[in-house]
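Each chain gets a letter, A, B and so on, in the order its sequence line appears, and its residues count up from 1. Note that this is a predicted model, so its numbers are computed, not measured. Values below: all heavy atoms of this structure, side chains included; hydrogens, waters and symmetry mates excluded.
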Amino acid sequence: MQRVRCRAQSLKRYAHVRPAHALEQRIWRELAFHVSALAHLCHKRSVSVDIPISAKLLRWYDAHARDLPWRSPPGSSPPDPYRVWLSEIMLQQTTVGAVKPYFAKFTARWPTVDRLAAADDADVMAAWAGLGYYARARNLLACARAIVAGHGGVFPANEGDLRTLPGVGTYTAAAIAAIAFHQRAVVVDGNVERVVSRLFAVETALPSSKPELWRLTDTVTPETRAGDFAQAMMDLGSTICTPRHPSCLICPLQTDCLATRNDPASYPRRAAKVAKPERSATAFWIERDGQVLLIRRPQSGLLGGMRAFPSTLETKAASVDQASFHQGEPAGEIVHVFTHFRLTLSIRIGTPETGCNISTDGEWWPIDLLEEAGLPSVFAKVATVMMEKVTI
DNA sequence: TAGCCGTGGCA
DNA sequence: TTGCCAAGGCT
């Protein structure tokens, strides 16, 4: 045991070494954590200590925190609230990998909330294109302008005031208060719901279990470092306590977890899901002098406020799309799966006249610049199909 | 309150 | 190929 402790201490002398590659860094952090845990175990080998869950998690986080562009290192001064807010909006129901390039693009182009508030709507919507959930982009602008107009360009520092801002709900308000302002707030997102429902083996199914999960999260949230704690829960959820195959053997909370030996992947329990409805519609490629007709979709509803090809794709799901539209020559078909329905979109080559029947406020867009139009993915697929036809 | 609202990666 | 899922909010 003494030899192990000496080896652990000598290894800790190399803690400042930072390998160049991401994989090596990850392995190094992993090694450093286990060395630290081993040294701790040696030191406390004969003493049973009841360490709080938050303390275990924070210790793990200090060694394993992911290095993300919107973060400051664990335990350091709070990061810029603007960057925290922007990242939290982008990360709503969106993976870290998808957000990174958009976060870089937005912060380079609009480095402050004042600059963003002064931006043109069309520029922001186009910059958001491809990230999905476009109401977020509309609310992003509304929020930036509310901060400038109603809060002197400064983000409010408490959960209650944050909650009144457009696009900022219960989760986001708590996350900003905790991370950007070091307030004690109970931060519950999808990761936390999963971790906590496993930790306490919550048998109630989501979403009815949400109040119970909030209460349980409240019981384990520390008085200080609530922001680091929240981010630690999210890191744990995305790297160890994953949805399908959790890595319980290396989990810092394994000894506290009631689900670890009882099919942890089966938590959180979920209500049975219903099948996705099928919808079909027609999109029109209407060309003139090397340009193609684009329209702006209505501000609310499906793909609200985004540029698009004229189509029979309705804004409200309740209405029926005109699937059997026979004007124009058939030019192909694409399939796109949204969260709540599966769309088969027929493409037809129309004329400016048929286009005017569908929309009167279109804009003619150069075909060779279509990539800059900021089309949502479903219409970007249409563009790809038609561009391939042109090049053939 | 439950339905609506994107996208891409993964198994 | 298909379904599941990810740092939710709005109505």
Side-chain angles (χ1 to χ4, degrees), chain A residues 66 68-71 83-103 125 128-140 142-143 162-176 178-180 185 187-195 206-208 210-211 217 227 229-239 241-245 265 268 270-279 297-306 308 313-319 335-343 374-381:
Chain A
R66 288 179 292 175
L68 301 174
W70 45 86
R71 269 188 189 172
R83 292 167 66 86
V84 173
W85 162 72
L86 180 61
S87 70
E88 288 301 339
I89 301 299
M90 287 184 165
L91 285 162
Q92 288 168 3
Q93 297 289 287
T94 310
T95 56
V96 166
V99 165
K100 276 183 178 176
Y102 284 87
F103 183 79
M125 296 308 289
W128 197 278
L131 197 56
Y133 284 138
Y134 299 100
R136 291 185 296 173
R138 298 193 299 274
N139 285 329
L140 190 79
C143 183
L162 286 163
R163 181 67 185 78
T164 66
L165 296 167
V168 178
T170 308
Y171 160 76
T172 306
I176 296 173
I179 298 168
V187 183
V188 183
D189 75 324
N191 284 305
V192 177
E193 285 177 348
R194 183 172 59 257
V195 172
L206 280 171
S208 18
K210 280 176 181 287
T217 307
F229 176 79
Q231 294 179 95
M233 290 287 270
M234 297 182 217
D235 279 18
L236 189 76
S238 62
T239 61
C241 198
T242 54
R244 297 169 199 271
H245 305 292
R270 289 183 192 278
K273 295 192 174 177
V274 294
K276 264 179 197 173
E278 301 267 351
R279 285 172 68 181
R297 291 183 63 82
Q299 282 300 311
S300 64
L302 185 70
L303 305 172
M306 298 300 288
L313 183 62
E314 296 290 343
T315 297
K316 292 180 181 174
S319 51
V335 172
H336 190 79
V337 183
F338 291 87
T339 312
H340 51 300
F341 68 95
R342 176 191 172 89
L343 173 70
L375 293 173
S377 290
V378 61
F379 289 110
K381 283 184 185 175

- When you get a sec, tell me which of dG6(B), dC10(B), dT7(B) is the closest nucleotide to the side chain of Arg244(A)? dC10(B)

- Short side-chain N/O contact to dG6(B) OP1/OP2 from His336(A), under 4.0 Å: no

- Task: Evaluate side chain to side chain contact (heavy atoms under 4.5 Å, CB included) for Ile89(A) paired with Thr172(A), printing each intermediate quantity in order.
- Result: CA-CA 7 Å; Ile89(A) 301 299; Thr172(A) 306; 4.2 Å; yes

- Pick base, sugar-phosphate or nothing for Leu68(A), based on heavy-atom distances below 4.0 Å to the nucleic acid. base

- Distance test, side-chain N/O of Arg342(A) to OP1/OP2 of dT2(C), below 4.0 Å: yes

- Task: State which of dG8(C), dA6(C), dC5(B) makes the closest approach to the side chain of Thr172(A).
- Result: dG8(C)

- Message: Once you apply a heavy-atom cut-off of 4.0 Å, does Val378(A) come out as touching a base, just sugar-phosphate, or nothing?
- Response: sugar-phosphate

- CG of Asp189(A) to CD of Gln92(A): how many Å apart, nearest 0.5 Å? 11.0 Å

- Item | Length of the line joining His340(A):NE2 and dC4(C):C1', which is rounded to integer Å | 17 Å

- Item | Residue met sooner reading DNA chain C from 5', once Val168(A) and Asp235(A) are mapped to nucleotides | Asp235(A)

- Task: Measure the shortest side-chain to side-chain distance between Met125(A) and Arg138(A) over non-hydrogen atoms and say whether it is less than 4.5 angstrom.
- Result: yes

- Query: Roughly how far, to the nearest 0.5 Å, is CD of Gln299(A) from CE of Met306(A)?
  - Reply: 10.5 Å

- Query: With a 4.5 Å limit on heavy-atom distance, are the side chains of Phe379(A) and Leu303(A) in contact?
  - Reply: yes

- Give Gly97(A) one of three labels, base, sugar-phosphate or nothing, depending on what nucleic acid heavy atoms sit under 4.0 Å from its own. nothing

- Message: Taking any heavy-atom pair under 4.0 Å as a contact, classify Gly130(A): base, sugar-phosphate, or nothing.
- Response: sugar-phosphate

- Nucleotide of dG9(C), dC5(B), dA6(C) approaching Tyr171(A) most closely (side-chain heavy atoms): dG9(C)

- Work out which heavy atom in Arg194(A) is nearest to a heavy atom in Thr242(A); give both atom names and the distance. NE-C, 3.7 Å

- Closest nucleotide of DNA chain B for Ala98(A) versus for His245(A): which of these residues is on the 5' side? Ala98(A)

- So, is Gln93(A) close to the dG8(C) phosphate, meaning a side-chain N or O under 4.0 Å from OP1 or OP2? yes

- Does Tyr134(A) place a side-chain N or O at less than 4.0 Å from the phosphate oxygens OP1/OP2 of dT7(B)? yes

- Task: Report the distance from atom CG of Leu236(A) to atom P of dA6(C), rounded to the nearest whole Å.
- Result: 14 Å

- Task: May I have the step-by-step check of side chain to side chain contact (heavy atoms under 4.5 Å, CB included) for Val195(A) and Val192(A), ending in yes or no?
- Result: CA-CA 5 Å; Val195(A) 172; Val192(A) 177; 5.7 Å; no

- Note on the structure: Walking DNA chain B from its 5' end, the first of Pro207(A) and Lys381(A) to be reached, judged by nearest nucleotide, is Pro207(A)

- Query: What interatomic distance, in whole Å, is found between P of dG6(B) and the corresponding atom of dT11(C)?
  - Reply: 14 Å

- Measure from CG on Leu165(A) to C1' on dG9(C) and round the result to the nearest Å. 13 Å

- Item | Sugar-phosphate only, base, or nothing, as touched by Ile89(A) at under 4.0 Å among non-hydrogen atoms | nothing

- Grab the CG-C1' distance between Leu206(A) and dC5(C) for me, whole Å please. 13 Å

- Could you tell me whether Trp70(A) contacts a base, only the sugar-phosphate backbone, or nothing, with contacts defined as non-hydrogen atoms closer than 4.0 Å? base

- Note on the structure: Pro376(A) has its side chain closest, among dT7(B), dC5(B), dG9(C), to dT7(B)

- Using a cut-off of less than 4.0 Å, is there contact between a side-chain N or O of Ser377(A) and OP1 or OP2 of dT7(B)? yes

- Query: Side-chain donor or acceptor of Thr94(A) under 3.5 Å from a matching atom on the base of dG6(B)?
  - Reply: yes

- Message: Without decimals, in angstroms, what is the distance between Arg297(A) CZ and dC4(B) C1'?
- Response: 14 Å

- Message: Taking the minimum atom-to-atom distance to the side chain of Pro243(A), which one of dC5(B), dG6(B), dA6(C) wins?
- Response: dA6(C)

- Ignoring backbone atoms, test whether Arg194(A) places a side-chain nitrogen or oxygen under 4.0 Å from the OP1 or OP2 oxygen of dA6(C). yes

- Query: Can you tell me how far C1' of dC4(B) sits from OH of Tyr133(A), to the nearest Å?
  - Reply: 9 Å

- Message: Please report the distance, rounded to the nearest Å, between CZ in Arg136(A) and P in dG8(C).
- Response: 9 Å

- Whole angstrom value for the distance that separates C1' of dT7(B) from CH2 of Trp128(A): 12 Å

